[in-house]
Amino acid sequence: MFCTALCLVKKQVMEKIHFILVCVISFFFLCSCNKDDEYEEANSQPEFSEGLGNNPRDANRQVYTDPNGDKIIRDPFGYITYISFFGNDNAPSSASEMFSQYMEIDLEENFRLFRSEVFNFVENPPAIECYQQQYKGVIVYNGEYDVHFKSGKVTEAGGTFIKIDNLDVVPTIDEKKAKEIYAKYLKVSADHIGSGILYWFDDALMIAEFPLYKGSVQWAPRLVYGLMFKGESAEGYCFIDAHTGRILQTWPHYYMWCDI
């Protein structure tokens, strides 16, 4: 009689253990499914599929001439978008000097030189230096300056500087996951997704300005992955938020005849 009762207790204990294991396995399975569903729902449509609207940086630019006769255009945030030194004998002799003197910006800290060329096919050849903005080593999309020289002096310069403060540049999702999200959205293999949406750079991780929310007139920089579909598509380029995994924007990518 005692053995029978003991066997019954053991059986009940085993049934409870089995039930608990089934519940635990089901819980992890559901969590996994919910994670996939979250990405599926988040990427069903780009956050800014209807367009970004007008960047406030492009509005109300101020044009004036300083006491040296230099023509200067500033954006609404006070940063120079164009400056001309033609006729100024005291023009800066380097890009570093120009950024420091006229914009109070440390060139080495805030920019990467990606192109430098002297046009030797003409007499007294002009030269150009092209700089891409960076923040904590991450390139800034649309943050770029072209600086022109002649006779060892800056003649003119133009571009965009985007002020960035306290932006977290450590991504929450990695590049591989971002490519998988974009591939899932396009319904293609992740092998068909690459980086290098900027001609001079292969970086996928970058910083780009976006409205704070859909329809907002206030913009702010975000950490994103800039990705491209290795083929022709009306949504061949995209930005994915590097923290949330959401597709923010897509735009066409078509090959030109010279690329074929």
Side-chain angles (χ1 to χ4, degrees), residues 35 37-63 72-82 103-105 110-111 131-145 158-175 177-186 193 195 197-198 201 203-229 233-253:
K35 186 175 181 181
D37 290 343
E38 180 184 342
Y39 279 117
E40 180 72 30
E41 181 180 352
N43 295 306
S44 60
Q45 187 178 22
E47 186 171 329
F48 298 100
S49 58
E50 298 174 1
L52 300 179
N54 297 320
N55 191 324
R57 185 175 305 284
D58 299 327
N60 301 320
R61 296 195 173 186
Q62 301 173 351
V63 182
I72 300 176
I73 302 176
R74 295 183 184 270
D75 67 20
F77 304 103
Y79 292 104
I80 293 175
T81 60
Y82 176 78
M103 298 180 66
E104 299 182 350
I105 293 174
N110 291 281
F111 287 91
Y131 294 88
Q132 186 75 35
Q133 186 182 348
Q134 62 178 4
Y135 175 77
K136 296 183 179 179
V138 180
I139 62 175
V140 180
Y141 185 78
N142 280 342
E144 180 185 334
Y145 272 90
T160 300
F161 179 77
I162 299 170
K163 185 173 176 57
I164 304 170
D165 289 318
N166 303 317
L167 181 66
D168 183 3
V169 296
V170 179
T172 303
I173 64 171
D174 60 20
E175 182 178 337
K177 182 62 181 179
K179 289 180 177 179
E180 290 172 353
I181 292 171
Y182 187 36
K184 189 174 184 179
Y185 172 78
L186 292 179
I193 306 300
S195 57
I197 66 170
L198 292 176
F201 301 93
D203 306 49
L205 189 67
M206 57 184 64
I207 296 167
E209 283 189 303
F210 280 91
L212 294 180
Y213 51 86
K214 187 182 297 185
S216 173
V217 296
Q218 291 184 291
W219 289 42
R222 294 197 197 189
L223 187 69
V224 300
Y225 286 106
L227 303 175
M228 60 179 289
F229 170 58
S233 172
E235 296 183 284
Y237 290 112
C238 87
F239 280 129
I240 291 181
D241 191 302
H243 290 303
T244 66
R246 288 181 60 83
I247 295 180
L248 300 176
Q249 179 188 18
T250 63
W251 66 100
H253 169 35

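On a predicted model such as this, the values are computed, not experimentally measured, just so you know.
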(request) Would you indicate whether the side-chain heavy atoms of Ile240 and Leu248 approach each other to under 4.5 Å? (result) no
(message) Could you go through Gln134 and Asn110, starting from their C-alpha distance and side-chain angles, then the distance that decides it, and tell me whether this counts as side chain to side chain contact (heavy atoms under 4.5 Å, CB included)?
(response) CA-CA 5 Å; Gln134 62 178 4; Asn110 291 281; 5.8 Å; no
(request) Can you label the angle between the Tyr131 ring and the Phe111 ring as parallel, tilted or perpendicular, going by 30° and 60°? (result) perpendicular
(message) In the structure I gave you, are the side-chain heavy atoms of Asp168 and Leu223 within less than 4.5 Å of one another anywhere?
(response) no
(request) Find out whether Gln133 and Ile164 are in side-chain contact, i.e. whether some heavy atom of one side chain is under 4.5 Å from a heavy atom of the other. (result) yes
(request) Return yes if some donor-acceptor pair links the side-chain N/O of Gln249 with the main-chain N/O of Pro46 below 3.5 Å, else return no. (result) no
(request) Measure from the side-chain N and O atoms of Tyr135 to the backbone N and O of Asn166, and report whether any donor-acceptor pair falls under 3.5 Å. (result) yes
(request) Considering non-hydrogen atoms only, spot the tightest contact between Tyr237 and Pro252 and give its length. (result) CD1-O, 3.2 Å
(message) Do the side chains of Lys179 and Glu175 get close enough for a salt bridge, i.e. N-O under 4.0 angstrom?
(response) yes
(message) Show the nearest heavy-atom pair for residues Pro221 and Leu167, with the distance to one decimal.
(response) O-CD1, 3.8 Å
(message) A side-chain contact here means heavy atoms from C-beta on lying under 4.5 Å apart; do Asp203 and Leu198 qualify?
(response) no
(request) State whether the side chain of Thr81 and the backbone N or O of Thr160 hold a donor-acceptor pair below 3.5 Å, judged by distance alone. (result) no
Check residues 49-57 and write down every donor-acceptor pair under 3.5 Å in which the side-chain atom is one partner and the other belongs to a residue at least two apart or another chain.
from	atom 1	to	atom 2	distance (Å)
Ser49	OG	Gln45	NE2	3.2
Asn55	OD1	Arg57	N	2.9
Asn55	ND2	Glu209	OE1	3.2
Arg57	NE	Glu209	OE1	3.3
Arg57	NH1	Asp75	OD2	3.2
Arg57	NH1	Phe161	O	3.2
Arg57	NH2	Glu209	OE2	2.8

(request) Supply the atom-to-atom distance Met103 CE to Tyr79 OH, rounded to the nearest 0.5 angstrom. (result) 7.5 Å
(request) With the side chain counted from C-beta on, respond yes when Ile247 and Phe239 share a heavy-atom pair under 4.5 Å apart, and no when they do not. (result) no
(request) Check whether any side-chain heavy atom of Met228 sits under 4.5 Å from a side-chain heavy atom of Ile193, and report yes or no. (result) no
(message) Does Tyr213 form a side chain to side chain contact (heavy atoms under 4.5 Å, CB included) with Gln218? I'd like the steps, not just the answer.
(response) CA-CA 8 Å; Tyr213 51 86; Gln218 291 184 291; 5.9 Å; no
(request) Look only at the side chain of Tyr225 and the backbone of Ile173, and say whether a donor-acceptor pair between them is shorter than 3.5 Å. (result) yes
(request) Identify, with sequence neighbours excluded, every residue that meets side chain to side chain contact (heavy atoms under 4.5 Å, CB included) alongside Glu104. (result) none
(message) How close do Ser233 and Phe229 get, counting heavy atoms only, and between which atoms?
(response) CB-CD2, 3.7 Å
(request) Return the minimal non-hydrogen interatomic distance between Val169 and Leu205, and the atom names on each side. (result) O-CD2, 4.1 Å
(message) Which heavy atom of Gly143 sits nearest to which heavy atom of Ile162, and what is that distance?
(response) N-CD1, 4.5 Å
(message) When you compare the side chain of Tyr82 with that of Ile72, does any pair of heavy atoms fall below 4.5 Å?
(response) no
(message) Nearest 0.5 Å, please: how far is CG in Leu186 from SG in Cys238?
(response) 7.5 Å
(message) Is there a side-chain contact between Phe201 and Gln132 in this structure, where contact means two heavy atoms from C-beta onward sitting under 4.5 Å apart?
(response) yes
